[in-house]
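One-based numbering along the sequence shown. Note that ligands are numbered from 1 as they come in the structure, with each ligand's atoms numbered from 1 the same way.
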Amino acid sequence: TYVVTDNCIACKYTDCVEVCPVDCFYEGENMLVIHPDECIDCGVCEPECPADAIRPDTEPDMDKWVEFNRKYSELWPVLVTKKDQLPEAEERDGETDKLNKYFS
Ligand code: SF4
C-alpha cells in the first residue's frame, strides 16, 4: 500500500485524489490519509503530491503510518475532488515534527 505521511499535515494539497483509480483518499481537518486495504498499489498518486508526502509502505519505518492511515480512513469522509490547499501550505511544507505541532 501507499500511505500519506507527516508532511501532508497543515498543507493538504489534494492533487492525489484526482488520480486515484479507486477513490481511497479520506479527508481530515488538515491532512489526507489513504485506506491501506482499498489502495491497489498503483503508485500514480505519489508523484502528484507537491509536498512529497505519499510513500510506499516498503520504505523503512512505515508501519506506524500504515496504522495511522488505517485508523483515520475509517473515521473520515472520502475525498474525490481536488480543492484548494490550506492557506499556509507553502510555508509549512518541509517542517519537522508536524504531527505533534499541527495535527488536528
Ligand atoms: Fe490510489 Fe494508487 Fe495512490 Fe493507492 S497508490 S492511493 S490506489 S492512486
Side-chain angles (χ1 to χ4, degrees):
T1 186
Y2 281 71
V3 289
V4 182
T5 60
D6 196 68
N7 203 35
C8 182
I9 298 167
C11 290
K12 199 165 80 171
Y13 292 99
T14 55
D15 307 68
C16 52
V17 309
E18 290 276 341
V19 299
C20 180
V22 294
D23 295 342
C24 64
F25 282 92
Y26 294 80
E27 183 189 18
E29 200 133 313
N30 66 2
M31 80 176 294
L32 302 177
V33 289
I34 291 169
H35 196 308
D37 300 332
E38 295 175 0
C39 172
I40 57 169
D41 243 356
C42 70
V44 300
C45 57
E46 185 186 351
E48 296 299 322
C49 178
D52 205 21
I54 301 174
R55 315 295 338 144
D57 72 343
T58 48
E59 289 188 358
D61 302 321
M62 283 296 143
D63 290 0
K64 81 163 192 174
W65 286 108
V66 174
E67 287 323 305
F68 183 100
N69 277 245
R70 177 174 280 113
K71 175 179 173 183
Y72 288 103
S73 62
E74 281 163 7
L75 297 171
W76 293 345
V78 71
L79 182 71
V80 298
T81 308
K82 180 175 162 55
K83 59 202 273 189
D84 287 345
Q85 67 270 33
L86 294 176
E88 295 184 338
E90 259 184 75
E91 200 181 322
R92 299 277 179 249
D93 184 6
E95 269 189 42
T96 56
D97 203 26
K98 291 169 92 176
L99 185 59
N100 291 320
K101 285 196 284 198
Y102 305 121
F103 179 69
S104 58

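- Listed by chain and number, the protein N, O or S atoms at a distance under 2.8 Å from atom 2 (Fe) of ligand 1 are C42 SG.
- Taking the salt bridge (Lys or Arg N to Asp or Glu O under 4.0 Å) definition, one finds that E88 meets it with R92, sequence neighbours left out.
- E27 and K83 are joined by a salt bridge, as a carboxylate oxygen and a charged side-chain nitrogen come within less than 4.0 angstrom of each other.
- Partners of E48 by salt bridge (Lys or Arg N to Asp or Glu O under 4.0 Å), not counting sequence neighbours: none found.
- Ligand-side atoms of ligand 1 in range of I34: 6 (S), range being under 4.0 angstrom from any heavy atom.
- No donor-acceptor contact under 3.5 angstrom links the side chains of N7 and D52, judged on distance only.
- Here F103 and F68 bring their ring centres to under 6.0 angstrom of each other.
- Through direct or relayed side-chain contacts under 4.5 Å between Ile, Leu, Val, Met, Phe, Trp and Tyr, V19 connects to V44.
- Ion pair E67/K64 not flagged as a salt bridge, since none of the NZ, NE, NH1 or NH2 atoms sits closer than 4.0 Å to an Asp/Glu carboxylate oxygen.
- Heavy-atom proximity to F25, at under 4.0 Å, picks out these atoms of ligand 1: 6 (S).
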